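Quick notes on the structure that follows.
Just so it is clear, the structure is predicted and the values come from calculations on it, not from any experiment.
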Amino acid sequence: MHLTADLHLHSHYSRATSKDLTFEHLWKWAQLKGVNVVGTGDIAHPGWLAEMRAKLEAAEEGLFRLKDEYAVALADDVPAACRGTVRFLLAGEISNIYKKYDKTRKVHNVVCAPSLDALAQLQAQLEKIGNIRADGRPILGLDSRDLLEIALEVDARCHLIPAHIWTPWFSMLGSKSGFDSVEECFGDLTPHIFALETGLSSDPPMNWRVSGLDGYTLVSNSDAHSPPKLAREATLFNTELSYDALFAALKTGDPSQFLGTLEFFPQEGKYHNDGHRKCGVAWEPPTTLAHDGLCSVCGKPVTVGVLHRVEELADRPPGGRPERTHAYESLVPLPEVLGEIQGVGAGSKRVQAEYFGLLERLGPELAILRAIPLEEIDAAGGPLLAEAVRRMRAGDVRAEAGYDGEYGVIRLFRDEADRLATVQGGLFRGEEILTQRRRDAEKNGGWDDEMMGSDGSVIIPLSQHPPRLKEADTPFIIPSSQHPATIADWLDALNDAQLSAATYTAGPLVIVAGPGTGKTRTLTVRLAWLVRERGLAPESLLAITFTVKAAAEMRARLADLLGEETAARATVCTFHALGALLLREFGQAIGLAEDFVILDEESRRTLAKRAWTGLKEREIDAALDGISAAKNRLEEEFTAESFTAEARS
């Protein structure tokens, strides 16, 4: 059974965490993400244990499910496409701060227990040592080795996994307070350590460089402080659904049972590079060494990050690896992908609306990021999203590394032009697409009212639909004083087919329509609807038509719907005007003078006569037609003689 597990997170009892870190919300978000086994978090807190007893019930061996009476409260928040099995495993983080080998150590460890009774006994032992009620993740003056011993004495099936082992301040191998090996940390109990959590700022290849870690199974978890952060990293299994089966896979590392991990791109982790956040100093290891580890601004020591620390302990070169390794995939959280596409923050309302819409249409986030075919993503979320996911899966990203507590940034597109190229590559391919769609339709017995193209586009022949409220040829220019005040009024002026086209957002759209079927009306209302209902910036809209008259008519109608000031921010023009606009902005990059002139037809003929003084009128006409044909074929060279011979004869 293929399982996705996230065993390290927190509850609402931990400091600086979300109040929504409850079992109900974890159950909900596990399904939205596509996670099957979730750590409970905060196993040392008595209040959280009381909630476990109240809200959880025994399921498979060593695992628990949320009781139905608690699950029902959020059941409607989980789309049908995301619903799945969720089990809880008793696991939580404990902070150990103690002195060993004449140095203060600060190490975070994740402890796992097989039963609520074992958990109660563990809490009783820990409360003898320190305050376990003030924070969901208690800080105890307890050696990591001794914490492991207490857990094993409570129940031999308890396990300890060192958490985010490279983090500078609080980890087993961290630069500020850690050790140089697992053995230094756990001494005689080292054989009981079989798995290590690598943390957000490192990935498996970085860990493979340290041969001292070869015998350990590398795992990843989210360390989530809010439910939406669940599964930003996770671990993959192929076992039966039980506590012992999961840990048996971790102990053996059998690749048929332990399938690997889902990772951040490590540069996104907030301690990947060295640096000093207060001074805005971010360095890679060679720069840090060149400055003797001191900030170039304030002169204080910089925080040595994970990349540097791995380099210190590595005994293999970059790219080196042990005999036994496991698969891994580097992902970018879907809200971050959508935020980059839309040019807004990942937590914005626009991104959240699109995020939940995609989950409803496609299923859990991890499935979208990892497995769903790009064609389906294109159809549901558009070509930009499909291209972004393709690049992420291929590892084709641009990284700005995090440092000293500042998260890094992963980008899937180089710049705005790169994003535009993704969707505009097919801007002038309408005839090619339409021809292919007609061929497909003929093979299938003719046009249907609504057809889905293989590239995700929907073709809606407007003339084949019956009118809904008004006839297709009803004039739609409404004086400003009477212009509809609401989206509903605008949409009510459309028939069924026009309404479908005006509000369609699942992917590319091709509208097949003849004269008098309301093309301009449909496109105009669509533009207004995208601005008012979907929140798109007018500047992001481009509407192209063939004639100056049609473009002017569309601009006038759009002004009636949105107001002149808002409508003026959208680009509505002819194909030629768009070309001129692009040349004005980018012409100098291809060698055009800044003050270039585009000739009208009269000037074009005048120039041709000056250039070809020996040609007659009909020969000039033939040459000018030849130029147009050559441009359409993208020919770089042209001679008038090849087009005037026929005219002379």
Side-chain angles (χ1 to χ4, degrees), residues 29 32-34 79-82 228-229 231-232 262-265 268 329-399 409-427 429 433 452-459 501 503-510 526-527 529-531 533-537 539-542:
W29 277 93
L32 298 181
K33 296 287 185 174
C82 295
K229 298 297 184 184
R232 56 184 177 177
L262 305 180
E263 306 278 339
F264 255 29
F265 285 92
E268 190 171 1
E329 299 173 46
S330 298
L331 306 177
V332 179
L334 183 55
E336 293 181 15
V337 176
L338 295 173
E340 181 179 358
I341 290 172
Q342 298 185 15
V344 296
S348 70
K349 291 182 179 179
R350 283 172 55 190
V351 165
Q352 292 303 303
E354 181 65 15
Y355 175 78
F356 286 108
L358 288 168
L359 298 190
E360 288 182 0
R361 296 190 290 271
L362 295 175
E365 178 180 345
L366 291 180
I368 295 172
L369 295 176
R370 301 180 58 217
I372 291 177
L374 296 178
E375 295 80 8
E376 294 182 30
I377 295 175
D378 189 331
L384 263 179
L385 177 60
E387 175 62 12
V389 172
R390 185 198 68 76
R391 293 185 184 194
M392 180 205 67
R393 292 177 182 177
D396 181 12
V397 303
R398 282 110 192 126
V409 178
I410 302 296
R411 292 185 175 87
L412 297 157
F413 298 95
R414 291 185 297 276
D415 48 32
E416 181 68 15
D418 190 17
R419 286 197 295 272
L420 289 174
T422 298
V423 293
Q424 290 186 348
L427 184 62
R429 294 176 57 244
I433 294 171
M452 180 69 72
S454 62
D455 63 351
S457 63
V458 168
I459 300 179
T503 58
Y504 181 79
T505 59
L509 179 69
V510 177
R526 177 173 177 78
L527 294 173
W529 184 80
L530 288 171
V531 171
E533 187 71 9
R534 298 306 295 266
L536 269 66
E539 292 84 356
S540 69
L541 301 179
L542 171 63

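The shortest side-chain heavy-atom distance between Leu262 and Arg370 falls under the 4.5 Å cut-off. Side-chain atoms of Val389 and Ile372, non-hydrogen and from C-beta on, never get closer than 4.5 Å to each other. Leu359 has its side chain within reach of Ile368: a pair of non-hydrogen atoms, C-beta onward, lies under 4.5 Å apart.
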Yes or no on side-chain contact (heavy atoms from CB on, under 4.5 Å) for Glu365 and Leu32, after CA distance, side-chain angles and deciding distance? CA-CA 6 Å; Glu365 178 180 345; Leu32 298 181; over 6 Å; no
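Taking each heavy atom of Leu536 and Ser540 in turn, the nearest pair found is CB-OG, 4.0 Å. Of all non-hydrogen atoms in Phe264 and Ser330, the two that sit nearest each other are O-OG, 4.0 Å. What you find for Cys82 and Gly363 is that their closest heavy atoms are SG-C, 3.6 Å. Of all the heavy atoms in Tyr504 and Arg526, the pair that sits closest is O-NH1, 2.7 Å.
A salt bridge between Arg391 and Glu387 is present, with a side-chain N of the basic residue lying under 4.0 Å from a carboxylate O of the acidic one.
The structure places CG of Leu334 at 9.0 Å from CE of Met392, a figure rounded to the nearest 0.5 Å. Separation of atoms CD (Glu354) and CZ (Arg361) is listed at 5.5 Å; rounding is to 0.5 Å. Here the CG-CD distance, from Leu331 to Glu263, works out to 9.0 Å after rounding to the nearest 0.5 Å.
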Side-chain donor-acceptor pairs under 3.5 Å in residues 338-348, sequence neighbours left out?
| residue | atom | partner | partner atom | Å |
| --- | --- | --- | --- | --- |
| Glu340 | OE1 | Leu412 | N | 2.9 |
| Glu340 | OE2 | Leu412 | N | 3.1 |
| Glu340 | OE2 | Phe413 | N | 2.9 |
| Ser348 | OG | Gly345 | O | 3.0 |
| Ser348 | OG | Val351 | N | 3.3 |

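Side-chain N or O atoms of Lys33 include one that pairs as donor or acceptor with a backbone N or O of Pro228 at under 3.5 Å.
For Arg393, there are no side-chain hydrogen bond (donor to acceptor under 3.5 Å, both in side chains) partners two or more places apart in sequence or in a different chain.
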